[in-house]
*Asks:* 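Before I ask anything, let me first share the structure, which is written out below as structure tokens.
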Protein chains: 2
Amino acid sequence: MACIKDVAAEAGVSVATVSRVLNDHPSVSTEARTRVLAAVETLGYRPNAVARSLRTDQTRTLGLVISDVLNPYFTELARSVEEEARALGYSVIIGNADERPELQDHHVRTLLDRRIDGLLVSPTDGGSPGMLDAARAGTPMVFVDRWIPGLDVPVVRADGRTAVRDLVAHLHGLGHRRLAIIAGPAATTTGSERVAAFREALAAYGLTLPDAYTGQGDFQAESGRRVTEEFLDLAEPPEVVFAADNLMALGALDAVRARGLRVPDDIALAAFDDIPWFVHTDPPVTAIAQPVRELGRAAVRALVDRIEGRPPQSVTLPARLVVRRSCGERPDPNHPHMNVTQRSNP
Amino acid sequence: MACIKDVAAEAGVSVATVSRVLNDHPSVSTEARTRVLAAVETLGYRPNAVARSLRTDQTRTLGLVISDVLNPYFTELARSVEEEARALGYSVIIGNADERPELQDHHVRTLLDRRIDGLLVSPTDGGSPGMLDAARAGTPMVFVDRWIPGLDVPVVRADGRTAVRDLVAHLHGLGHRRLAIIAGPAATTTGSERVAAFREALAAYGLTLPDAYTGQGDFQAESGRRVTEEFLDLAEPPEVVFAADNLMALGALDAVRARGLRVPDDIALAAFDDIPWFVHTDPPVTAIAQPVRELGRAAVRALVDRIEGRPPQSVTLPARLVVRRSCGERPDPNHPHMNVTQRSNP
DNA sequence: CCTCCTCGTGGAATCGATTACACGAAGGAT
DNA sequence: ATCCTTCGTGTAATCGATTCCACGAGGAGG
């Protein structure tokens with residue numbers, strides 16, 4: 001593989017001049033520039049990013065550590081992050097923590113070892129030592145979706161409060177009174193906030209959320225299944241199950257089907273995080289949709305601001321309710337879009 | 001950030017000794033070793049992977065360029081690739097080509113600039129110039145899922161021939177005779193092979209695949225929708241639509257639903273690539289499942305073999321048919337697993 | 001005509017690691 | 001006692017870029 005010295009030799013100039021041409025530094029003669037460019041062409045030279053990074057102390061790379069790649073929500077987030085980063089001239093390296101703190105730590109450490117310029121994190125359960133160290137050490141960092149209180153790290157997330165209120169209003173309007181939730185890990189902000197928002201919204205209707213109706217999940221399908229079975233085993237099962245993420249909703253669907261029961265007739269279901277498949281499940285699932293693309297873009301912008309010395313901004317975007325049939329009502333025919341697969345390439 | 005010189009100073013030894021300790025070279029005294037380790041501890045030193053890579057000319061990193069992250073098939077592939085790579089001491093950088101050759105090129109180039117040790121590629125439509133150059137230049141490379149004929153690059157993939165035959169047998173047994181396919185891009189191997197396998201299987205039953213029943217898709221949901229609409233507009237629409245990937249199946253489902261028709265009563269549906277959601281769609285979708293995890297592992301092993309100087313092996317694993325209800329039959333009660341969400345963490 | 005700038009250029013230091021080579025001390029064999 | 005290994009260590013070269021500094025040429029201004 002040709003290096004800068006080879007190019008210099010081929011062009012009959014010094015490596016300094018080659019470097020200047022490559023970084024289009026102003027003081028290079030047109031003569032030299034064309035000769036260098038020609039040499040680059042004939043040798044098929046490409047600068048070594050490793051060497052460049054070592055010298056300049058910047059990699060133009062962002063790290064993104066997400067909690068679970070298999071969750072379509074995070075997949076889409078990852079995609080929009082990469083898209084925006086690319087537009088700003090950065091690459092992205094994704095680390096999948098699989099909801100395991102030690103794996104999150106592994107990725108944070110690996111990314112830091114590679115001297116990425118900044119880190120985007122959706123922290124797992126309470127964070128992990130390495131991640132907290134990194135935050136305190138002043139690594140440029142932005143939390144996305146989930147965050148950890150008490151750290152001076154900007155947060156980009158969606159606020160589901162209003163949407164959850166809308167959901168509860170919808171459910172109450174359909175006559176449901178016994179509402180249950182499958183929560184995420186209490187140590188994650190999304191885990192606890194969604195429960196809090198739900199409880200708050202219930203209170204507005206004079207309803208409470210008994211412990212028996214608060215199942216502890218871990219954002220994975222299996223836990224949704226387990227918790228739903230527990231609900232169904234109760235002397236007085238809930239009329240509605242609200243899953244705090246889409247995978248647990250999938251598990252809930254499994255559990256209901258395994259008992260030979262039907263949604264929404266026997267039990268209603270709603271989920272946090274909308275995904276294209278929810279349009280085609282049996283029945284289509286009512287869900288709370290986050291503005292994922294915008295979240296990803298905002299997160300990248302905040303991080304790049306921080307990296308390039310501008311003050312980064314925390315951002316909170318509203319989530320919205322998408323009503324389908326899993327809670328018992330027909331979708332409004334005036335809003336046919338709610339019933340169609342979301343496009344991935346708008 | 002502390003560097004090796006700081007550690008050497010703190011421990012009262014030379015940088016060479018520090019380096020030897022870190023790479024556990026045998027000839028270091030226990031004395032020196034403990035002093036270095038202590039210094040590493042107190043300074044919180046972590047070796048700079050960039051500098052190390054520059055010197056050793058290896059990054060212990062694999063590049064993975066996939067055609068579409070939003071496709072659950074590739075997401076799962078990416079996950080299993082990362083898992084196996086991590087087990088072998090490698091990191092993975094994922095590039096999402098979004099089925100666009102120029103984006104694929106962008107990622108290949110970026111990855112090569114970073115001097116990754118090897119490349120795993122699922123080439124988009126016919127490959128891209130940069131990718132072909134890389135292959136010919138001798139970059140350690142392995143194709144996964146899709147490949148490009150005529151290149152001396154090992155291929156790890158699933159063979160769907162048998163499963164497609166099983167599918168056609170199943171369909172024929174249900175009385176279907178007018179079978180159509182939504183194909184992927186003809187320039188991709190998976191695009192053309194699946195059509196060929198389908199046509200071949202039909203021939204065994206004395207059936208043909210007319211042009212009108214061969215729709216041209218691009219592996220995206222939108223194309224599945226469009227092609228299905230074309231099928232439905234025919235004077236004699238097909239009785240079955242076989243989508244060559246899961247996203248096009250989703251689009252087909254959209255189109256059928258938009259017409260107010262029902263699967264399988266009005267038209268049957270089957271798909272290549274099984275995903276957890278197919279269990280819960282309305283109706284559950286009959287699909288051909290690839291052994292994705294094994295594919296990912298085999299691909300990484302082949303690539304690492306190639307990188308580390310062992311002869312790499314091409315691998316072909318069989319896909320299998322998973323019968324559900326979208327073609328008109330009840331699932332066999334003796335095989336209840338076919339009706340349950342696949343676990344992501346077995 | 002002399003001085004001062006600006007411009008284009010090259011030499012060499014530098015980033016943070018690894019590693020070939022040299023060297024001295026210690027131990028074993030003769 | 002002498003020589004040869006072996007062992008532990010340090011010095012310095014090296015990887016491939018960027019960039020500070022010095023230098024010579026040429027033009028402008030006095």
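Below, chain A is the first sequence line, B the second, and so on; all start at residue 1.
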*Asks:* Nearest to the side chain of B:Ser27, heavy atoms from C-beta on, is which of D:dG8, C:dA17, D:dA17?
*Replies:*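 Out of D:dG8, C:dA17, D:dA17, the nucleotide with an atom closest to B:Ser27's side chain is D:dG8.
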*Asks:* Whole angstroms only, please: what is the CD1-P distance between B:Ile4 and C:dT19?
*Replies:*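 Value for this atom pair: 11 Å.
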*Asks:* Taking N and O atoms by type only, does the side chain of A:Arg20 place a donor or acceptor under 3.5 Å from a partner on the base of C:dG10?
*Replies:*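 Result: at least one qualifying N/O pair found.
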*Asks:* Of all the choices, D:dA12, C:dT9, C:dG16, which nucleotide is nearest to the side chain of A:Ala32 once you look at every atom?
*Replies:*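 Of D:dA12, C:dT9, C:dG16, C:dT9 is nearest to the side chain of A:Ala32.
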*Asks:* Starting from P on D:dG10, measure out to NZ on B:Lys5 and report it in whole angstrom.
*Replies:*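 B:Lys5 atom NZ is separated from D:dG10 atom P by 15 Å.
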*Asks:* Could you check whether A:Val18 gets within reach of a base, just the sugar-phosphate, or nothing at all, counting any heavy atom under 4.0 Å?
*Replies:*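 If one applies the 4.0 Å heavy-atom cut-off, A:Val18 turns out to touch nothing in the nucleic acid.
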*Asks:* Any idea which of D:dT11, C:dG16, D:dT18 is nearest the B:Ala16 side chain?
*Replies:*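 Of D:dT11, C:dG16, D:dT18, D:dT11 is nearest to the side chain of B:Ala16.
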*Asks:* Whole Å only: how far is the CD atom of B:Gln58 from the P atom of D:dT14?
*Replies:*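 Atom CD in B:Gln58 sits about 21 Å away from atom P in D:dT14.
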*Asks:* For B:Ala2, does its backbone N or O pair with a side-chain atom of B:Asp6 as donor and acceptor, under 3.5 Å?
*Replies:*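 Not at all, since once roles are kept as given, no pair shorter than 3.5 Å links the two residues.
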*Asks:* Find the distance between CG (A:Leu120) and CG (A:Asp145) and round it off to the nearest 0.5 Å.
*Replies:*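 That separation rounds to 11.0 Å.
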*Asks:* Rounding to a whole Å, what distance do you find between B:Asp24:CG and D:dG8:C1'?
*Replies:*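 Value for this atom pair: 16 Å.
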*Asks:* Would you indicate what A:Val13 reaches in the nucleic acid, counting non-hydrogen atoms under 4.0 angstrom: base, sugar-phosphate, or nothing?
*Replies:*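 Counting heavy atoms under 4.0 Å across all strands, the contact made by A:Val13 is with sugar-phosphate only.
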*Asks:* Should B:Asn23 be listed as having a side-chain N or O under 4.0 Å from OP1 or OP2 of C:dT18?
*Replies:*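 Result: yes.
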*Asks:* Specify the separation, in whole Å, of atom CZ of B:Arg55 and atom C1' of D:dC15.
*Replies:*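 Roughly 6 Å, once rounded to whole Å.
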*Asks:* Which nucleotide in the list D:dG16, C:dT18, D:dT9 gets nearest to the side chain of B:Thr56?
*Replies:*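 So the nucleotide nearest the side chain must be C:dT18.
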*Asks:* Any carboxylate oxygen within less than 4.0 angstrom of a Lys/Arg side-chain nitrogen, looking at A:Arg293 and A:Glu83?
*Replies:*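 Between A:Glu83 and A:Arg293 there is a salt bridge, with a charged N closer than 4.0 Å to a carboxylate O.
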*Asks:* Atom CG of A:Leu22 and atom P of D:dT19: how far apart are they, to the nearest Å?
*Replies:*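 Answer to the nearest Å: 12 Å.
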*Asks:* Would you indicate which nucleotide in D:dG8, D:dA12, C:dG8 comes nearest to any side-chain atom of B:Ser29?
*Replies:*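 The answer is D:dG8.
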*Asks:* Go nucleotide by nucleotide along DNA chain D from the 5' end; which of A:Ala49 and B:Arg33 gets its closest nucleotide reached first?
*Replies:*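 Looking at DNA chain D, the more 5' nearest nucleotide goes with B:Arg33.
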*Asks:* For B:Thr75 and B:Val69, indicate whether the former's side chain and the latter's backbone hold a donor-acceptor pair under 3.5 Å.
*Replies:*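 Here the side-chain-to-backbone pair exists.
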*Asks:* Starting at atom CG of B:Asp113, determine the distance to atom P of D:dA17, rounded to an integer number of angstrom.
*Replies:*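 These atoms are roughly 10 Å apart.
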*Asks:* In whole Å, what is the span from the CG atom of A:Asp57 to the C1' atom of D:dT18?
*Replies:*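 Atom-to-atom, A:Asp57 to D:dT18, this comes out as 12 Å.
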*Asks:* Could you check whether B:Asp113 pairs with B:Arg109 (Lys NZ or Arg NE/NH1/NH2 to Asp/Glu carboxylate O, under 4.0 Å)?
*Replies:*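 No, B:Asp113 and B:Arg109 are not salt-bridged.
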*Asks:* Identify whether the distance between the nearest side-chain nitrogen and carboxylate oxygen of A:Asp152 and A:Arg136 falls below 4.0 Å.
*Replies:*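 A salt bridge is absent here (no side-chain N lies under 4.0 Å from a carboxylate O).
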*Asks:* To the side chain of A:Ser14, which of C:dG16, C:dG11, D:dT18 is closest?
*Replies:*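 Closest nucleotide among those given: C:dG11.
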*Asks:* Judged by each residue's nearest nucleotide on DNA chain D, which is more toward the 5′ side, B:Val28 or B:Arg115?
*Replies:*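 It is B:Val28 whose nearest nucleotide is closer to the 5' end.
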*Asks:* Check this one for me: any side-chain N or O of A:Thr17 less than 4.0 Å away from OP1 or OP2 of C:dG10?
*Replies:*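 Affirmative; the distance criterion is met.
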